[in-house]
Amino acid sequence: MPELPEVETTRRGIAPYVEGQEITEVRVRHTRLRVPVPEDLPERLVGARIGTLRRRAKYLLVPLAGTPGTLLWHLGMSGSLRIAQVGDTPKKHDHIDVVLANGYVLRYHDPRRFGFVDWLQADEQHDSRLAHLGPEPLSEAFTGERLYRLSRGRRMAAKPFLMDNRVVVGVGNIYAAEALFMAGIDPRRAASRIARVRYERLAGAARDVLAAAITQGGTTLRDFVSGQGEPGYFAQHLNVYGRQGQPCRRCGALLKHIMLGQRASVYCAVCQR
DNA sequence: ATTTGACCCTGCATGC
DNA sequence: TGCATGCAGGGTCAAA
């Protein structure tokens, strides 16, 4: 899926086309997403106006202006939201269309259907999906000190620890691998056995790599596209993800590939300790 | 309590 | 060419 930079790229890409627009029609072609599409989606959306889009972790929040209703949209592993024109023929796996008064269509595409769209509980603080999320990685609340404190007594490997949404949100498989490389930390190292100063480096690395990826419009591996259908250009900046067997850009050693928590992990055994 | 593994689903690359 | 296998930007739940 889209990790945080890809969701943020999507939000920025579609916002100019959808914000302030009235919804004139909703077409649901496939209701069986990870969470079934709410049956009342069309009737509640049609006639409503879209407010300012927000993002929390990898969720996109779509408020309906002047009402307490807000859509919670998650792109799963293979989901994308794109701007289409009225009349563009839907392709395979284009599951939902939100037709707007300006002639554009917000179109949801998701081959694997791990994503979903659902109503956010009126109170964001009490929504079970958002309530226990850790801080945004680009916020002041995300610090090396926090990583250090939460890691005490945790035997799990550093990489799955960094990908734990209660620790910090939005860091998925690509950017966890990249941040650990930048910080020189072995992804297998027990979280409890990493010193405070090294966590400060890791927090800084995670912030830097996510910010750089947003600037580049995200990472396109197979199928990620922005709201306007553009790929992201961060893939060419990846140091380790997907580069197993290739030379480390820093020391030249061949990058290793292991599985950690069911996820592929690539790292440099020389630079990461 | 923490941690691991299975699972949701389709598409694609690989190997026989 | 066909078929089987395994893996892919995530998150949730049960079981160990």
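Each chain gets a letter, A, B and so on, in the order the sequences are listed, and its residues count up from 1.
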Is Y104(A) atom OH crowded by more than 12 heavy atoms from other residues, nucleotides or ligands, each under 6.0 Å away? no

Please report the distance, rounded to the nearest Å, between CZ in R152(A) and P in dT2(B). 14 Å

On the 0 to 90° scale, with breaks at 30° and 60°, tag the H74(A)-F116(A) ring pair as parallel, tilted or perpendicular. parallel

Check the distance between dA8(C)'s C1' and L75(A)'s CG and give it to me in whole angstrom. 16 Å

Parallel, tilted or perpendicular: ring planes of Y199(A) versus Y148(A), cut at 30 and 60 degrees: perpendicular

Which side chain to side chain donor-acceptor pair (under 3.5 Å) pairs, counting each pair once, include a residue from residues 133-142 of chain A, with sequence neighbours left out? R55(A)-E136(A), R56(A)-E136(A)

Between NE2 of H95(A) and C1' of dC8(B) the distance, given in whole Å, is 13 Å

Counting just side-chain N and O atoms, does H93(A) come under 4.0 Å of either OP1 or OP2 of dT10(B)? no

Evaluate the side chain to side chain contact (heavy atoms under 4.5 Å, CB included) criterion for residues T215(A) and F234(A): first the C-alpha distance (whole Å), next the side-chain angles of each, then the deciding distance (0.1 Å), finally the verdict. CA-CA 8 Å; T215(A) 300; F234(A) 194 70; over 6 Å; no

Salt bridge (charged side-chain N to carboxylate O under 4.0 Å, His left out): which pairs involve residues 29-47 of chain A, sequence neighbours left out? R29(A)-D97(A), D40(A)-R44(A)

What stems, by residue range, does DNA chain C take part in, given at least 3 consecutive Watson-Crick or G-U pairs under 3.5 Å? B:2-8 with C:10-16, B:10-16 with C:2-8

For atom CZ of R249(A), is the number of surrounding heavy atoms from other residues, nucleotides or ligands below 6.0 Å larger than 12? yes

Would you mind telling me which of dG11(C), dG10(C), dT3(B) lies closest to the side-chain atoms of R263(A)? dG10(C)

dG11(C) versus dG11(B) - spacing of their P atoms, nearest Å: 22 Å

Between R129(A) and dT12(C), is there a contact of a side-chain N or O with OP1 or OP2 at under 4.0 Å? no

Given the P atoms of dC9(B) and dC3(C), what is the spacing between them in whole Å? 23 Å

Test question: given the 4.5 Å side-chain rule for I, L, V, M, F, W and Y, name all other residues clustered with V270(A), or answer none. none

Decide yes or no on salt bridge (charged side-chain N to carboxylate O under 4.0 Å, His left out) for R107(A) and D88(A), but give the supporting numbers first. CA-CA 10 Å; R107(A) 178 164 283 173; D88(A) 287 353; 5.2 Å; no

State whether the number of non-hydrogen atoms from other residues, nucleotides or ligands found under 6.0 Å of R250(A) atom CZ is greater than 12. yes

Separation of dG10(C) atom C1' from L60(A) atom CG, nearest Å, is 16 Å

Reckon K92(A) has a side-chain N or O less than 4.0 Å from the OP1 or OP2 of dG11(B)? yes

Which is true for D110(A) with a 4.0 Å heavy-atom rule: it touches a base, it touches only sugar-phosphate, or it touches nothing? nothing

When you check the phosphate oxygens OP1 and OP2 of dT3(B), does a side-chain N or O of R154(A) lie under 4.0 Å from one of them? yes

Members of residues 111-119 of chain A that approach DNA chain C, where some heavy atom sits under 4.0 Å away: R112(A), F114(A)

Under 4.0 Å: is that the gap between some side-chain N or O of N165(A) and OP1 or OP2 of dG11(C)? yes

Examine distances only and state if a side-chain atom of N102(A) and a backbone atom of Q21(A) form a donor-acceptor pair shorter than 3.5 Å. no

Rounded to whole Å, the CG-P distance (L150(A) to dT3(B)) equals 12 Å

Under 3.5 Å between N/O atoms: give me all the protein pairs with nucleotides 5-7 of chain B, atom names plus distance.
unit_1: dG5(B); atom_1: OP2; unit_2: Q262(A); atom_2: OE1; d: 3.3

Distance, rounded to the nearest Å, where E3(A) contributes CD and dG11(C) contributes C1': 13 Å

Whole-Å distance, H30(A) NE2 to dC8(B) P, equals 15 Å

Return the value, rounded to whole Å, for the distance between atom CE of M156(A) and atom P of dT2(B). 11 Å

Any salt bridge linking R12(A) with E8(A)? Criterion: basic side-chain nitrogen under 4.0 Å from a carboxylate oxygen. yes

